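Because the structure is predicted, anything quoted here is derived from the model rather than measured. Position 1 is the first residue of the sequence, and the numbers go up from there.
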Amino acid sequence: MPESLYQPTTPEISERRKALAPGIHDAFDNFSRAVFADGALPEKTKQLIAVAVAHVTQCPYCITGHTTLARRTGAEPEEIMEAIWVAAEMRAGGAFAHSTLALNAMNHVVAHSHTTAGEPEP
């Protein structure tokens with residue numbers, strides 16, 4: 001069986017990452033703890049947001065980690081799945097909304113394709 005593109009994170013990998021840039025690693029850990037701490041939004045809500053965002057960014061590590069953390073903060077499977085559906089709608093909605101760019105480009109090409117050969121475009 002072929003080796004997976006996404007290798008498991010091990011304690012050794014975590015230690016190596018920290019050893020290579022300890023200050024940045026510690027700053028990121030502190031930032032992450034602050035972001036996910038209860039505040040205006042409870043930690044559970046923040047983890048559900050993270051699950052949704054992880055599906056949009058398609059990070060398998062984030063999907064696994066934040067789904068696990070969402071469950072640990074009390075999120076029910078139905079809440080997690082709804083967060084994933086929100087992500088799916090937003091991703092599809094982005095493609096739909098950006099069709100405006102393609103429609104405008106097509107209109108531009110149609111407007112310019114009606115010129116006579118050798119005539120400068122307006």
Side-chain angles (χ1 to χ4, degrees):
M1 174 179 262
E3 195 172 295
S4 173
L5 175 63
Y6 298 103
Q7 300 299 307
T9 299
T10 64
E12 295 79 22
I13 293 287
S14 295
E15 284 303 314
R16 177 85 170 127
R17 184 173 26 235
K18 183 175 181 171
L20 290 170
I24 296 169
H25 182 276
D26 291 344
F28 186 79
D29 276 354
N30 291 333
F31 174 67
S32 185
R33 275 193 288 282
V35 166
F36 286 99
D38 281 330
L41 295 173
E43 182 184 1
K44 175 183 159 183
T45 300
K46 291 177 180 185
Q47 288 300 339
L48 287 168
I49 292 168
V51 168
V53 171
H55 280 79
V56 171
T57 61
Q58 299 179 321
C59 173
Y61 299 104
C62 298
I63 291 169
T64 302
H66 289 289
T67 300
T68 300
L69 291 169
R71 288 291 286 146
R72 286 185 187 157
T73 61
E76 296 297 329
E78 295 82 1
E79 293 175 299
I80 293 168
M81 194 63 233
E82 282 192 23
I84 294 166
W85 279 116
V86 169
E89 192 284 335
M90 292 299 294
R91 184 136 179 158
F96 174 77
H98 280 81
S99 69
T100 300
L101 299 171
L103 292 167
N104 284 327
M106 287 187 284
N107 288 340
H108 181 73
V109 170
V110 168
H112 293 295
S113 66
H114 294 294
T115 59
T116 308
E119 234 179 78
E121 289 190 23

Undergrad: Could you check if a side-chain atom of Glu43 sits within less than 4.5 angstrom of a side-chain atom of Leu69, using non-hydrogen atoms only?
TA: no
Undergrad: With a cut-off of 6.0 Å (strictly less than), are more than 12 heavy atoms of other residues, nucleotides or ligands near CG of Leu41?
TA: yes
Undergrad: Given side chains that start at C-beta, do those of Leu103 and Met106 come closer than 4.5 Å, heavy atoms only?
TA: yes
Undergrad: Which heavy-atom pair separates Ala70 from Gln47 by the least distance, and what is that distance?
TA: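 Closest heavy-atom pair between Ala70 and Gln47: CA-CB, 3.7 Å.
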Undergrad: Let me confirm one number: the CD-CD1 distance from Glu82 to Ile80, rounded to the nearest 0.5 Å.
TA: 11.0 Å
Undergrad: Which heavy-atom pair separates Pro60 from Gln58 by the least distance, and what is that distance?
TA: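 Minimum heavy-atom separation between Pro60 and Gln58: CD-O, 3.3 Å.
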Undergrad: Are the side chain of Tyr61 and the backbone of Gln7 linked by a donor-acceptor contact shorter than 3.5 Å?
TA: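 Indeed, once roles are kept as given, a pair shorter than 3.5 Å links the two residues.
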Undergrad: For atom CE of Met81, is the number of surrounding heavy atoms from other residues, nucleotides or ligands below 6.0 Å larger than 12?
TA: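 Atom CE in Met81 is crowded, with more than 12 foreign heavy atoms closer than 6.0 Å.
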Undergrad: Which pairs with one or both residues in residues 8-50 pass ring-ring contact (aromatic ring centres under 6.0 Å, His included), sequence neighbours excluded?
TA: Phe36-His66
Undergrad: Using the test side-chain hydrogen bond (donor to acceptor under 3.5 Å, both in side chains), find all partners of Asp26 that sit at least two apart in sequence or belong to another chain.
TA: Lys18
Undergrad: Find out whether Cys62 and His55 are in side-chain contact, i.e. whether some heavy atom of one side chain is under 4.5 Å from a heavy atom of the other.
TA: no
Undergrad: Please confirm whether the backbone N or O of Ala97 pairs with a side-chain atom of Thr100, one donor and one acceptor, at under 3.5 Å?
TA: yes
Undergrad: So, the side chain of Glu79 versus the backbone of Glu76: is there a donor-acceptor pair under 3.5 Å, distance only?
TA: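 Yes, the answer is positive, given that a donor and an acceptor are paired below the 3.5 Å cut-off.
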Undergrad: Among pairs that include at least one residue of residues 75-106, which meet ring-ring contact (aromatic ring centres under 6.0 Å, His included), considering only residues two or more places apart or in two chains?
TA: none
Undergrad: Looking at CZ of Arg17 and CD1 of Ile13, how far apart are the two atoms once the value is rounded to the nearest 0.5 Å?
TA: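 These two atoms lie 7.5 Å from each other.
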Undergrad: Hey, what do you get for CD1 (Ile63) to OG1 (Thr68), rounding to the nearest 0.5 Å?
TA: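 Rounded to the nearest 0.5 Å, the CD1-OG1 separation comes out at 11.5 Å.
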Undergrad: Within the side chain of Lys46, is there an N or O that forms a donor-acceptor pair under 3.5 Å with the backbone of Ala37?
TA: yes
Undergrad: Are Leu48 and Ile84 linked, directly or through intermediate hydrophobic residues, by side-chain heavy-atom contacts shorter than 4.5 Å (ILVMFWY only)?
TA: yes
